[in-house]
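We number each residue from 1, following the sequence as shown. In what follows, every heavy atom counts, from backbone to side chain, and hydrogens, waters and symmetry copies are set aside.
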Amino acid sequence: GNGVGVEEARADLDTYGLARVGVWENESCAFVIQWDRPGLEIVSETERSKWVLNRWTDELAAGCEKLIYFGGEGDAIANGDYMLADFTPLPTAATLAVFAAKTFDARPLGVFSAGKAGRFHVFERNGKALLAAASDVKEGEEVPLAVGAASVRVTDYQGNETDVPAVDGIV
């Protein structure tokens with residue numbers, strides 16, 4: 001699903017007086033069948049990572065309380081798993097770890113769009129802002145953002161971090 005599915009589930013529960021029942025996503029992943037694909041292509045595929053970053057962020061922002069990745073048993077053709085049958089981790093394994101570490105105990109504040117196809121989910125965690133940014137522009141895009149800090153730490157889907165200095169309050 002996505003954030004809209006979470007909002008619909010919440011509305012359905014509220015309609016029936018079940019405000020205390022939480023919304024969970026219990027089978028979430030992108031299936032990528034990899035028969036007849038070379039090994040390097042299998043271990044460098046990023047569709048499942050993009051699914052986690054885009055869909056899960058949207059679901060959390062909409063109020064989803066728990067997310068469960070559908071996969072993990074190890075599959076020779078990968079399907080939705082985050083590892084192969086021999087337990088070789090795929091890029092999704094790192095994405096899941098980074099996502100969990102960054103969003104744990106984060107509280108959603110809002111969502112906005114900017115640039116050609118940029119979508120930004122804003123969270124608060126331990127008194128600090130957390131921004132999950134994504135774009136549907138294949139080559140990526142630069143979107144200037146006003147920030148209240150001297151620099152911003154950017155973390156990619158594999159956990160690589162870069163500190164980006166703000167110039168006149170813009171990164």
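- Residues Ser28 and Trp51 share a closest heavy-atom pair of OG-NE1, 2.8 Å.
- Cluster membership for Trp24 and Tyr69, using ILVMFWY side-chain heavy atoms within less than 4.5 angstrom, is not shared.
- Shown here for Ala61 and His121, the closest heavy-atom pair between the two residues is CB-CD2, 3.4 Å.
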Side chains of residues 159-166: which donor-acceptor partners sit under 3.5 Å, not counting sequence neighbours?
{"residue": "Asn160", "atom": "ND2", "partner": "Asp156", "partner atom": "OD1", "Å": "3.4"}
{"residue": "Asn160", "atom": "ND2", "partner": "Asp156", "partner atom": "OD2", "Å": "3.0"}
{"residue": "Glu161", "atom": "OE2", "partner": "Lys102", "partner atom": "NZ", "Å": "2.7"}
{"residue": "Glu161", "atom": "OE2", "partner": "Thr155", "partner atom": "OG1", "Å": "3.0"}
{"residue": "Asp163", "atom": "OD1", "partner": "Arg153", "partner atom": "NE", "Å": "3.1"}
{"residue": "Asp163", "atom": "OD2", "partner": "Arg153", "partner atom": "NH2", "Å": "3.3"}

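- Taking 4.5 Å as the limit, some side-chain heavy atom of Trp56 sits within range of a side-chain heavy atom of Leu96.
- Cluster annotation: Val154 is connected to Phe112 through the hydrophobic network of ILVMFWY side chains, with a link wherever side-chain heavy atoms come within less than 4.5 Å.
- The shortest distance between side-chain heavy atoms of Glu25 and Ile68 does not fall below 4.5 Å.
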I would like to know whether Lys50 and Glu47 meet salt bridge (Lys or Arg N to Asp or Glu O under 4.0 Å); could you show each step before the answer? CA-CA 5 Å; Lys50 288 177 187 174; Glu47 287 306 309; 3.7 Å; yes

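- Taking 4.5 Å as the limit, every side-chain heavy atom of Ile170 sits out of range of all side-chain heavy atoms of Leu145.
- For CG of Leu40, the number of neighbouring non-hydrogen atoms (other residues, nucleotides, ligands) closer than 6.0 Å is 12 at most.
- Between Leu130 and Val122 there is no side-chain heavy-atom pair separated by less than 4.5 Å.
- The two residues Gly115 and Val143 make their nearest non-hydrogen contact at CA-CG2, 4.0 Å.
- A 4.5 Å side-chain heavy-atom check between Pro108 and Leu60 finds every atom pair outside the cut-off.
- Side-chain rings of Tyr157 and Phe99 stay apart, their centers remaining 6.0 Å or farther from each other.
- Taking the six-membered ring where tryptophan is involved, the planes of Phe70 and Phe31 are perpendicular, since the angle between them exceeds 60° and thus also 30°.
- Annotation: salt bridge (Lys or Arg N to Asp or Glu O under 4.0 Å) contacts involving residues 109-123, sequence neighbours excluded, comprise Asp58-Arg119.
- With rounding to the nearest 0.5 angstrom, the CD atom of Glu7 is 11.5 Å from the CG atom of Asp14.
- Residues Asp105 and Arg125 share a closest heavy-atom pair of O-CG, 4.2 Å.
- Of the possible polar contacts, one joining the Glu141 side chain to the Gly118 backbone as a donor-acceptor pair under 3.5 Å is found.
- Across Leu13 and Gly22, no two heavy atoms sit closer than the pair CD1-O, 4.4 Å.
- A 4.5 Å side-chain heavy-atom check between Arg48 and Leu90 finds at least one atom pair inside the cut-off.
- Side-chain atoms of Gln158 do not come within 3.5 Å of backbone N or O of Ala94 as any donor-acceptor pair.
- Of all the heavy atoms in Val6 and Ala62, the pair that sits closest is CG1-O, 3.6 Å.
- Asp136 CG to Asn54 CG: the interatomic distance, rounded to the nearest 0.5 Å, is 6.5 Å.
- Contact annotation: the side chain of Phe123 never approaches that of Leu131 to less than 4.5 Å [non-hydrogen atoms, C-beta and beyond].
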